[in-house]
Structures are given as C-alpha cells and as structure tokens.
Protein chains: 2
Amino acid sequence: MATIGMKELARELKLSTATVSKALRDSYDISEETKQRVLKLAREWNYIPNAHASSLRGKKSKTIAVVIPEVADSYFAQAINGVETVAQKEGFHVLVYLTHEQVEKENLILKELLNGRVDGILISVTSQSQDVTAVNKLKQAGIPVVFFDRVLEGVGDGQIITNDFEASYKLTAHLIEQDCKNIAFLLFSESLNISTQRMNGYKSALHQYALSLQDKNLLICTNQDEENRKAIHQLLQAESRPDAIIASVEKLILPTYLACAERNLVIPNDIKVAAFSNLMHASILNPAITTITQPAFEMGKVAAELLLKALKGKPIDQDESKIVLPSILEIRTSSKLFL
Amino acid sequence: MATIGMKELARELKLSTATVSKALRDSYDISEETKQRVLKLAREWNYIPNAHASSLRGKKSKTIAVVIPEVADSYFAQAINGVETVAQKEGFHVLVYLTHEQVEKENLILKELLNGRVDGILISVTSQSQDVTAVNKLKQAGIPVVFFDRVLEGVGDGQIITNDFEASYKLTAHLIEQDCKNIAFLLFSESLNISTQRMNGYKSALHQYALSLQDKNLLICTNQDEENRKAIHQLLQAESRPDAIIASVEKLILPTYLACAERNLVIPNDIKVAAFSNLMHASILNPAITTITQPAFEMGKVAAELLLKALKGKPIDQDESKIVLPSILEIRTSSKLFL
DNA sequence: TTGAAAGCGCTAACAT
DNA sequence: ATGTTAGCGCTTTCAA
C-alpha cells in the first residue's frame, strides 16, 4: 500500500514536486489555477505530509514536550489539559515525559530533547532538581524552556507560578483564626521552590500572630504513601500533638486523613486539616477539605501560550517571563471551628 | 552554536560518517578500536542523533500516540502512567492527544497520524465513536492500533479491557442484597462499549433477582456536570425515587453526591451509591464510596506492551489480541445497609 | 509561473 | 575494516 507523497501528486498532475510543495503552502508565485488543482487532488488522495521530512528539512517539529513528575495528581492532569488545548489549536503535538520524581531521569530526558525532536519544552521539575546546566544547554541549542509550578530560578525563558507564599500565609492565618495554635506543616522536599514558598508563608503567618515555630511540626515527606502515613501517625501521637495540619501537596491528603482516623481524631473537632490541592472531589471528602486551589488548567494554558509565543520568535518581555496566577482559598468543613 | 552531528565526529576522527554511524550502532564490521574512539568522542562532544533524520531514513519514529478523551479522570491519568513507564523503558516516546470527547477531533487526529509521526497508536475512543474507517486506514498504512478500555469491535490489533459485564453484575447483586429494589443506573452514552456492557450486567442482575427494569431508572448523562446534577436531582424527586444509584463513570460521582445532599438524602441510609471509579480518595469520601476499580495502570502497561510487541513485528496470537483484566469490587460505606 | 537541483542528518547496500 | 554513494520526503534557492 503505497503512501501518497508529493511525488505521486506531482506525477499525476504533471508538475514538479517543487510546484506542488509551493502550491500546498499557498506560495505567492503559483497560479491560482494550479493551486486549486493541487489542493483538489491532495484532498481527494488524502495526502498527508510526512512529518519527519518537513521537520528534518525545516528544523521545526511542531512538537513540544511536557516534562512532569507524574500524571496521577489532579494538578498535572488538569495542567496537561490546558497545554493540550492550546497546542491542538495551534497545530502542535505534545510529547509527555514522566520523571517519576527522579532527577536522573529528568536529566536524561532533557538531554535527549536536544536532538531536535521538539521545538520547545514545558517543565515542572522534580522535588530534587537543582542543577541548571541541562536547561542552559537547551537554551544554547535554541530550544526554549518554560517552567510551570515547580520552577528553577534564573534559567529558562519563562515561568508560570502561583502566589504560593501569599496563599499559604492566608491559609495559615485562617487556621490560626480558628483557634489553632500548634499547626503542623507537611512538605515534600526542602529544595523545591514551591515547598519553600509555601513553608515561608506558613512561617510568616505564625510569626505575624506571635506563635512559635516548632521544628517537630515540620514534616518532610517522601514519595512513599505508606511511609508518610506512618510519619503522620507518629506526629499525631506526640505529647503536644498538633491541632491542625497543612498538607502542602495533594498527595499528602490521603495519608493525613487516614492517620487521623487511626488516631480516632475527628476532623475538624479534634484537629483541623487543609491542603494545597486541585482535587475535584474536595467538597465531598469526609469531611469536605479546605484547600488552596491552583488554576491548573489555566497555568497549563498560559505556559503553552508563552512557549508558543517564544517559538514564533516573538520577544518575551521581562514582565511576561514570570507570570503569577492567583490560587484560591476554599474554606470547607475540615477547618471549621466545630463540626 | 553548531550542533554536533555525525559529520563533525567523522571529520574529527578522520573517518566517514558511514563508519561513525555503524560504530555507534555497534555494527559487527567495525573494529573494536574504532568503536571505542567513536564512542569516546561522541560522549565527550555530547553527540545526540537527530531524531527526524533517523525517523525519515528508517521509517521508524520510536514514538507512539495515546489518544484519549481527557486526562482529568483518575482512570486515564493512571493509564498514561502505565503506558509511559513501558515506553520509557523501551526507549519510546509518547505523544498524547485529547479528543475532548468529540468524534470529529478523534478522526482528525487519527487521520494526521497516518503521516508517519508515530509507529503505533493506543486509543480509548470517545463516547460517540462508531466509525471504523479511520482505524482501518491506519492498519492499511501499517500502523498498529491497540484499544484500551473504550474499544471499537472488529478492528485494530488488540484490545485491553476489563470484565465490565461481570463487575457490574456483581455490583448490582451486591446492592440488591443490601435490600435495594429500585436501582438507578447512570451512563454516559448508549453507543459506548463499556457503557452497554456495564448496563447489561446491571440488567442481568435485576433479571436474575426478579426485579423489574424501569426505564426511568436509566439516566443517560452528558459531558456537562451541571446538567447531570440537575438530571440526577430530578431523578431523586420522582414519586418512587430510587433506593440506589450506580454511576457507571467516575465523572458522575460528584453530581450524584451533590444531588443527594440537595435532597437531604443520607447515603447509605436513604439511598445507596456505588460507582465505577479509580478515585484514589474513594475511602475518604463522605461517605466512603463503594467502587468497581479498574487496574488502570496495569491496563496502560499491558496495552503498551502489546503495541510494542506488534511494533517489533512479533505476531499477535488470537488469544493475546483481546486481554481481559479483572476489576475489583471494593465495598465501602456508601452501599452498607446502615450507616 | 514553473522546474531543476541541492541538501536537512542519517543509514544501508555495495564497493574497496 | 572502512568508504562511497544513494536516498528517505520535503523545502528552498536559483535558473528557465
């Protein structure tokens, strides 16, 4: 089954492939009549240009990569949706790479992407990423990189983030106003930008309300749900157990709720809980959980738009290269004064 | 900034590009010494082969496409994870395309994929898909297609599904045994394979237990959450309102819970609820929801493995081309006799 | 307005 | 064991 190529079209129409090529790309110096003839046959024969040939020739692949830790998280699922929506509209293809939260994998992936497979990259780094050289090499190779949510500072062509510090401050303040005096903060990694921003917002609120920061209330979690549950369980047994928990990542909601249940602590009566999360089912959890919700879809969309703008060679202004979208504090039962 | 290509390596080593190419692919007829020299320099210079050139030349892109309705659903998020894991291990790249539940988009995407951009395709069709011609064209073009979860019958090179009929039967029987006599069934589309399978399991159980099937208890939902909530609300007002609801898709859990709350119906006392869902947070919903859980990650993994096998030219046996993985019925509070 | 020819970077058949 | 050459399918000068 012979695939239809320009050669076949050209032969049938008694034209050269050059003319066919130009006609298809609507070049100025082809007669209207010829254009029509070419277009007609191409449609009839269902001609589809070979992607690799054009990419090789034109040094453009019409493809972008999205590099993320996982998809099994509402945030990234929604963000991909945003990215894909924009990409599809603009005729771009989307390659998805998962780092599974491992820096080494991330580096391998970024290295391979130097080969021209993609025109640009959207990335949300692993919780361990700090090394900036891979991104710089991409820049040198002329491949723009836009960060979203989990960013690396000082590199790349742009970053789309949320007001993590502020949101975290607001959330912490809210809990304090519900009479919490001993708030625990669960985080993923100390090196991750969003983690520290969120932690700083928390610390800042404590300080503002003249509450002391206790080291034991900062719990650094891992990628293992089971371990986390145990660690939280542990945290809840301490003499002066916390009267509130902030989970700075969606992943930590489940172990938190489970640990509370194990300890027979009723949320929010015995302990209040809140989380950074895009969980669609936040309102029907037991109890409905107070969240900081990020505009995930929008972030994906904006990130893709910025990247595509860069790919079109348009200059990225200073004030465009760092876009901060607001998260929303949604207060629900889990942080209410009483059930 | 000149990219390093084989030409550069060859020049430096005073070899031909052919030799370099062979050395890099570890060909038999290159001396060990030369191989080492080439590999060494390639590493030093960070040589990365141009993906499009090899693809064009070799008619192989080392890329597969995953075509799905959405990612914002636990099932697909987990399935992608499975696919990506296998692909990464085998050095394949993964293009993700979202159909947004629109057949036209699906067809456009499949049509474009005829152009050699990918070697093979994994797909879960939209709720409206029935036309089989696009898939057949791909087959003609030598591009294998493997379906997962939402399949089209009679085409493609394989399908990975779950025992939907059986699972649904079991779930319905379970509800009947909890004394439910008036069970509503919410579905997405009547044409979708999984929908009908699940509906048939439900019908079959009713029949088995000598319960009559009532038309008003079959509610066909749309893609609009708001509309669905209203429709369910409506359903719950009927004279003889159902004493149980089966949501045959995860998406319908939220509107169901919300509608019950609006009607002041306590689950499971006033009405029982169960759903097909991979929700990680099923156990902490209010109340914890009884689910049929599909092995989503595994399905993605197996689907990718089957596709890659086909890509390696290995024959797909008859009994391999249709793989049925078992779903799990997880009984939780939402379907308990009493709270 | 159209066509001839070169070449994107790599690979494989066929010399040498 | 290494090199020469042709060509994957398309685009783009440049010439006709």
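Every chain is numbered from 1, with letters handed out A, B, ... down the list of sequences.
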Has [X] got a side-chain N or O lying under 4.0 Å from the OP1 or OP2 atom of [N]?
X	N	result
A:Thr17	D:dC10	no
B:Ser16	D:dG3	yes
A:Arg57	C:dG7	no
B:Ser21	C:dT11	yes

So which nucleotide from [options] ends up closest to the side chain of [X]?
X	options	answer
A:Asn50	D:dT12, C:dC8, D:dC10	D:dC10
A:Lys59	C:dA4, C:dC8, C:dT11	C:dC8
A:Ala18	C:dC8, D:dA6, C:dG3	C:dG3

Is it true that [X] and [Y] have a side-chain N and a carboxylate O under 4.0 angstrom from each other?
X	Y	result
B:Lys309	B:Glu305	no
B:Lys314	B:Glu320	no
B:Arg37	B:Glu32	no
A:Arg150	A:Glu101	yes

Just the rounded figure in Å: distance from [atom2] of [N] to [atom1] of [X].
X	N	atom1	atom2	result
A:Leu56	C:dT11	CG	C1'	13 Å
A:Lys60	D:dT12	NZ	P	11 Å
A:Met6	D:dT12	CE	P	11 Å
B:Asn115	D:dG9	CG	P	12 Å
B:Leu9	C:dT11	CG	P	12 Å
A:Arg117	C:dG9	CZ	P	16 Å
A:Arg25	D:dT13	CZ	P	12 Å
A:Lys7	D:dC8	NZ	P	5 Å

Checklist entry - Through what angle, rounded to 10 degrees, does the axis of the helix from C:dT1-D:dA16 to C:dT16-D:dA1 turn between its ends, using five pairs per end? => result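 What I find for the helix from C:dT1-D:dA16 to C:dT16-D:dA1 is an axis angle of 40°.
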Next on the checklist: Please classify the nucleic acid contact of A:Gly5 as base, sugar-phosphate, or nothing, using heavy-atom distances under 4.0 Å.
Outcome noted: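 Sugar-phosphate only.
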Item to check | Residues within residues 26-49 of chain A bordering DNA chain C, heavy-atom distance below 4.0 Å | outcome: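 DNA chain C contact set from residues 26-49 of chain A: A:Asp29, A:Ile30, A:Ser31, A:Thr34.
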Donor-acceptor pair, distance only, cut-off 3.5 Å: does the side chain of [X] make one with the backbone of [Y]?
X	Y	value
B:His52	A:Ala53	no
A:Ser27	A:Ile30	no
A:Asp119	A:Lys60	no

Next on the checklist: Can you classify the ring geometry of B:His93 versus A:Tyr97 as parallel (below 30°), tilted (30 to 60°) or perpendicular (above 60°)?
Outcome noted: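 Rings of B:His93 and A:Tyr97: perpendicular, as their planes differ by over 60°.
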Checklist entry - Would a 4.5 Å heavy-atom cut-off, applied to side chains only, mark B:Ile121 and B:Pro144 as touching? => result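 Not in contact.
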Item to check | Whichever of A:Ser54 and A:Lys22 has its nearest DNA chain D nucleotide further upstream toward 5' | outcome: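 Its nucleotide being nearer the 5' end, the pick is A:Ser54.
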Checklist entry - Any chance the side chains of B:Gln88 and A:His100 put a donor and an acceptor closer than 3.5 Å? => result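 Per modelled atom types, B:Gln88 and A:His100 side chains form no pair under 3.5 Å.
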